[in-house]
Every structure is written in C-alpha cells, then in structure tokens.
Novice: 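Questions regarding the structure given below will be posed in turn.
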Amino acid sequence: MHALEVNFDGLVGPTHNYAGLSYGNVASLNNAASFSNPQEAVLQGLAKMKAMHDKGLTQGVFAPHARPDLNVLRRLGFTGNDAQVINKAFKADPILLRACYSASAMWTANAATVSPSPDTNDGKVHFTAANLNNKFHRSLEPNTTTRLLKAMFNNEQYFAHHSHLPEQGFFGDEGAANHTRLCDSHGETGLELFVFGASAFNSQLVKPVKFPARQTLEASEAICRLHNIKDTSQILLQQNPDVIDQGVFHNDVIAVGNANVLLCHQQAFLNQTQALDDIREAYVGNKQLYIIEVPTSKVSIQDAVSSYLFNSQLVSLSDDKMLLVAPQECQRNPAVKAYIEEMIIADNPINQVQFFDLRQSMQNGGGPACLRLRVALNSQELAAVNPEVILDEQKYTQLCDWATRHYRDKLGANDFADPALLTESYQALDELTQLLSLGSVYPFQLEA
Ligand SMILES: N=C(N)NCCC[C@H](NC(=O)CCC(=O)O)C(=O)O
C-alpha cells in the first residue's frame with residue numbers, strides 16, 4: 001500500500017536554554033554558559049519544517065512540554081505557591097531549576113520509537129515513548145510525550161500506544177535516535193535497526209569507558225517485543241563504544257538511514273564489517289541496498305561530531321531521489337563539505353543537499369535529525385492522524401505569529417529566578433493546545 005514518511009518536528013519550547021546538562025554530549029557541555037534565544041530557536045525549527053512542506057513532503061508538528069516541571073520540584077521538597085517554589089529552587093540549586101526548565105523535548109527523535117504497520121505482526125503502528133533515563137532533565141519527558149502521542153495518533157484501530165519502559169538505567173531508552181528503518185519504500189515491510197550502546201545484564205559485552213551508553217540492549221529488546229515486530233524485520237546492533245567516548249551519544253550522530261540507503265561512518269558500529277554484512281543479509285527488500293560508509297580518512301570522528309553530518313535527515317523526494325537535509329555546520333567544515341559534494345554525484349540515490357541554520361538547537365547537540373520523529377503511514381493511517389498537527393501554509397503562519405508573540409529573545413542564568421517566565425510559558429502552551437487541537441495534555445491543564 002502507498003505510504004509516506006511523515007516527520008513530526010519538535011517545536012522548540014519557550015524556555016530553551018543552555019545549562020550543560022548532558023554529560024557525553026560535547027555541544028551541551030561547551031555551551032553551558034551561553035545565552036539562548038528561544039524565539040530564534042523556534043523560528044529556525046519552523047523554517048526547516050516549512051522548507052520540507054515546500055518540497056512536497058508531509059510535515060507534522062510535535063508540541064513542546066510545560067516547563068518548569070513544578071511537580072518534580074515539589075517532589076524534591078520545594079514548597080509554597082508556584083513563585084515560591086521557583087524562588088526557593090533558584091536559591092538552593094539553580095542548575096536543578098534549569099533542568100526542570102529544559103526545553104529538551106524539542107528533540108523528538110528521542111520522544112519515542114515508532115514501528116510502522118508493515119513491520120508489525122498485528123498490522124498496527126506502534127509507539128513507545130522513550131524513558132530517557134540517563135539524564136535527569138530528559139527523564140521528565142515520557143508522561144507528557146505519551147499524552148501528546150495519544151492526542152496526535154488517536155485511533156485504536158490503527159495506532160497502539162505502550163507505556164514507557166521501567167524508569168531505571170538498565171532499561172535506558174532514547175527512542176528513535178537509536179532506531180532506523182531500511183526498506184524498498186515506506187509502505188513495504190522493512191528492516192528495523194536497533195542500535196544499543198551497552199548491555200545492562202551481560203557484562204561480557206564491551207562498554208564505553210568515559211561517557212555513558214544511553215541505550216541498553218535490554219531496552220531495545222523490550223521495544224521489539226512490545227511492538228510485536230516480525231522476526232525478519234528486526235536486527236540489533238551494538239554501537240562502537242570508542243565513538244561514544246568521543247561524543248557520539250546517540251547512533252543518529254554517526255549514522256542515518258532512509259528507504260534503501262544507510263549512510264554511516266566507518267566507525268559507527270562495533271565489528272563494523274560483520275555488522276554491515278548482517279544488515280545486508282537481513283534486508284527484506286528487493287531493491288539494491290546502498291550502504292554508504294564514510295571513511296575516517298575523509299571525515300574524522302571529530303569532524304562528524306562538530307559538523308553533525310550524520311545527523312542530517314535523508315528524505316525521499318521521489319522513488320529514487322533523496323535529499324540530504326544538513327546543518328550549515330557541514331558547509332563550514334571543508335572535509336565534510338567536500339565529502340557531501342562527492343557523495344551527491346556518486347552512484348547512489350542521494351543527489352541533493354540543502355543546508356539549514358539550526359544553530360540554537362545545534363549548540364545543545366541537536367541537529368536536523370534530532371528535531372524530528374519519523375512516522376511512516378499509509379493513507380488510511382494518515383487520515384486518522386489529528387489533522388491540526390500537520391503543517392500547511394496557514395499553520396506555519398499561525399505558529400510563527402504565536403512564537404513571535406510569546407517567546408523571549410534572550411535567556412540567561414538569572415532569568416530563571418523570574419516567575420513571569422513560568423506564566424508566559426504556560427500561557428503560550430495553553431494557546432498552542434488550541435491551535436493544534438490537542439485537548440488537555442499538560443499537568444497545569446489536567447490539574448486545573
Ligand atoms: N541525537 C539526538 N537525537 N538528540 C539530541 C539530543 C540533545 C540533548 N541535549 C540536551 O539535553 C542539552 C540540554 C542542556 O544542556 O541544556 C541530549 O543530550 O539529550
């Protein structure tokens with residue numbers, strides 16, 4: 001059946017800031033002291049969404065989360081009314097407050113893992129929100145993510161929603177950032193690649209030594225079971241622990257797949273030659289599978305991490321033509337730029353590149369692919385999606401206007417002491433839920 005891949009991009013939230021919260025993510029640590037510009041950030045993301053829409057692709061919008069997370073601050077012992085809670089938290093532990101203010105839900109590649117219907121035994125599209133257990137600020141996301149997913153994909157006939165995995169490091173799950181799917185076309189049965197960083201229970205498997213492995217084998221296995229994925233549509237691979245230690249904190253920082261193309265660095269996987277042979281053997285399509293392996297001699301790991309080449313999106317513009325949606329940092333890096341030029345004229349389906357200014361997100365380690373959750377949908381499934389979360393010209397204009405009215409253009413350390421930031425943010429989100437017909441999804445709406 002004909003199907004499309006719909007990218008649901010995270011709208012950057014009104015409290016986007018740089019707090020240096022993600023140990024192992026080089027950009028997050030390097031920019032910890034910088035001022036952020038939430039308004040510029042949300043408009044940069046919207047410009048990418050609009051460009052995808054203008055290319056004729058179906059583009060979705062994923063709402064941000066309500067921040068600060070007051071419930072967790074109260075759970076941690078801060079008392080009083082909202083302003084008092086903020087005031088006390090700011091004085092006692094400003095970084096904790098910043099974590100509760102983080103807009104990290106913008107990186108929807110980490111929102112959930114999605115298995116499209118051709119790959120599952122019951123023919124439904126399966127969703128599991130990621131528990132994001134490895135980082136405190138991200139562990140605050142799964143409940144709201146699940147409510148948002150249910151408000152967007154609200155039809156039991158087509159969509160199955162699962163609870164996030166147990167909230168413990170053994171089941172650390174970072175969602176689609178460690179999951180990609182290879183197939184002849186989006187409507188056909190594919191091969192889902194689950195890439196884990198370490199095993200929780202099997203101490204025989206190697207691990208990174210410096211930075212954490214955020215996705216465990218056990219989490220990936222649980223998702224395969226929950227999603228009832230056909231045996232022939234799943235393969236588990238281990239990420240190369242050496243590159244995790246060099247700042248490759250998710251697989252989507254070192255590899256990206258789309259349809260019958262896998263673009264990956266030479267050092268992406270553990271025992272790479274074997275891993276790629278296993279993928280070729282397991283591939284269920286009939287078309288030629290293109291594995292484009294980028295050699296270290298052309299693009300070093302350091303260049304891959306600083307340019308985010310592999311965090312580009314690869315999107316199909318027609319049956320055999322693909323566009324690389326790259327961050328502008330790739331254009332500025334001579335080795336990466338040269339490699340892209342070589343790749344788009346070589347014999348493979350990638351034949352165009354477009355660069356985007358996503359600097360606000362990039363400074364926290366989030367490139368084009370981090371900002372989107374891919375959902376392959378056939379026409380009936382697409383018709384069952386909440387239509388208000390699909391971008392068109394009018395929605396784009398409304399969202400730009402909404403962001404310009406509500407978002408600040410500068411946030412630095414001291415701004416988090418100001419309770420007006422909470423009021424402004426909640427007002428913005430309340431209006432957004434109407435704009436996107438989401439109903440009540442935020443704690444401040446549910447508890448009101
Ligand atoms: N690769 C993918 N798919 N996603 C990128 C996520 C970036 C995010 N950064 C942050 O959460 C930084 C927040 C801060 O430091 O303020 C993270 O590390 O989880």
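Residue numbers run from 1 in the order of the sequence given. These numbers come from the heavy atoms of this one structure, side chains and all, not from hydrogens, waters or symmetry mates. Atoms within a ligand are numbered from 1 in the order they appear, just like the ligands themselves. Since we're looking at a predicted model, the values are computed, not measured.
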Novice: Would you mind checking which non-hydrogen protein atom is closest to atom 19 (O) of ligand 1, with the distance to 0.1 Å?
Specialist: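 Looking at atom 19 (O) of ligand 1, the protein heavy atom closest to it is Arg214 NH2, 2.7 Å.
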Novice: For Ser28, counting its heavy atoms only, list the atoms of ligand 1 lying under 4.0 Å from any of them.
Specialist: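 The atoms of ligand 1 under 4.0 Å from a heavy atom of Ser28 are 12 (C), 14 (C), 15 (O).
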Novice: Check each heavy atom of Arg138 against ligand 1 and say whether those closer than 4.0 Å belong to the side chain, the backbone, both or neither.
Specialist: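 The part of Arg138 near ligand 1 is the side chain, not the backbone.
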Novice: When you measure from the side chain of Lys48 to the backbone N and O of Pro368, does any donor-acceptor pair fall under 3.5 Å?
Specialist: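 At least one qualifying donor-acceptor pair exists.
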Novice: Using a cut-off of 6.0 Å, state whether more than 12 heavy atoms not belonging to Lys207 lie near its atom NZ.
Specialist: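 It does: Lys207 NZ has more than 12 such atoms within range.
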Novice: Is there a polar contact, in the sense of an N or O pair closer than 3.5 Å, between Gly366 and ligand 1?
Specialist: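 In this structure, Gly366 places no N or O atom under 3.5 Å from an N or O of ligand 1.
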Novice: Heavy-atom contacts under 4.0 Å between Asn25 and ligand 1: side chain, backbone, both, or neither?
Specialist: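 Only the side chain of Asn25 comes within reach of ligand 1.
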Novice: In terms of relative ring orientation, are Phe170 and Phe201 parallel, tilted or perpendicular, with 30° and 60° separating the classes?
Specialist: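 Perpendicular: the ring planes of Phe170 and Phe201 meet at over 60°.
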Novice: Under 30°, 30 to 60°, or over 60°: which ring-plane class applies to His161 and Phe127, parallel, tilted or perpendicular?
Specialist: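 His161 and Phe127: parallel rings.
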Novice: State whether the shortest distance between N or O atoms of Ser104 and N or O atoms of ligand 1 falls below 3.5 angstrom.
Specialist: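 There is no such contact.
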Novice: Can you check whether Glu141's main-chain N or O pairs, donor with acceptor, with Thr144's side chain at less than 3.5 Å?
Specialist: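 A pair under 3.5 Å: no.
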Novice: Classify the ring geometry between Phe444 and Tyr442 as parallel (under 30°), tilted (30 to 60°) or perpendicular (over 60°).
Specialist: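 Aromatic pair Phe444/Tyr442 classed parallel.
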Novice: Considering non-hydrogen atoms of the protein only, which is the closest contact for atom 12 (C) of ligand 1, and what is the distance?
Specialist: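 Of every protein heavy atom, Asn364 OD1, 3.4 Å lies nearest to atom 12 (C) of ligand 1.
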Novice: Would you mind checking which non-hydrogen protein atom is closest to atom 3 (N) of ligand 1, with the distance to 0.1 Å?
Specialist: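 Heavy-atom neighbour on the protein nearest atom 3 (N) of ligand 1: Asp252 OD2, 2.7 Å.
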Novice: At a 4.0 Å threshold, what atoms of ligand 1 neighbour a non-hydrogen atom of Cys370?
Specialist: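 Close to Cys370: 1 (N), 2 (C), 3 (N), 4 (N), 5 (C).
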Novice: N/O to N/O below 3.5 Å, does that happen between Gly20 and ligand 1?
Specialist: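 N/O-N/O distance under 3.5 Å: yes.
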Novice: Checking a contact table here: which protein heavy atom is nearest atom 10 (C) of ligand 1, and how many Å away?
Specialist: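 Closest protein heavy atom to atom 10 (C) of ligand 1: Ser22 OG, 3.3 Å.
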Novice: Does any N or O atom in Glu174 lie less than 3.5 angstrom from one in ligand 1, N or O only?
Specialist: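 N/O-N/O distance under 3.5 Å: no.
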Novice: Hey, which atoms in ligand 1 end up nearer than 4.0 Å to a heavy atom of Asn110?
Specialist: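 Checking each atom against Asn110, I get 2 (C), 3 (N), 4 (N), 5 (C), 6 (C).
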Novice: Do ligand 1 and Tyr308 have nitrogen or oxygen atoms that lie under 3.5 Å from each other?
Specialist: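 Checking ligand 1 against Tyr308, no N or O pair falls under 3.5 Å apart.
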Novice: So which protein heavy atom does atom 11 (O) of ligand 1 come closest to, and at what separation?
Specialist: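 Scanning the protein heavy atoms, the shortest distance from atom 11 (O) of ligand 1 goes to His137 NE2, 2.7 Å.
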Novice: Within a reach of under 6.0 Å around NZ of Lys88, are more than 12 heavy atoms found that belong to other residues, nucleotides or ligands?
Specialist: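 Counting other residues, nucleotides and ligands, NZ of Lys88 exceeds 12 neighbours.
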Novice: To which protein heavy atom is atom 16 (O) of ligand 1 closest, and what is the distance rounded to 0.1 Å?
Specialist: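 For this ligand atom, the closest protein heavy atom is Ala19 N, 2.9 Å.
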Novice: Just which atoms of ligand 1 are under 4.0 Å from any heavy atom in His250?
Specialist: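 Contacts of ligand 1 toward His250, numbered from 1: 1 (N), 2 (C), 3 (N), 4 (N).
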Novice: Rounded at 0.5 Å granularity, tell me how far CG in Asn71 sits from CG in Leu76.
Specialist: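 If I round to the nearest 0.5 Å, the distance is 11.0 Å.
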Novice: Using a 6.0 Å cut-off, check whether atom CZ of Arg359 has over 12 heavy atoms from anything other than its own residue.
Specialist: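 No - once you tally the heavy atoms of other residues, nucleotides and ligands closer than 6.0 Å, there are 12 at most.
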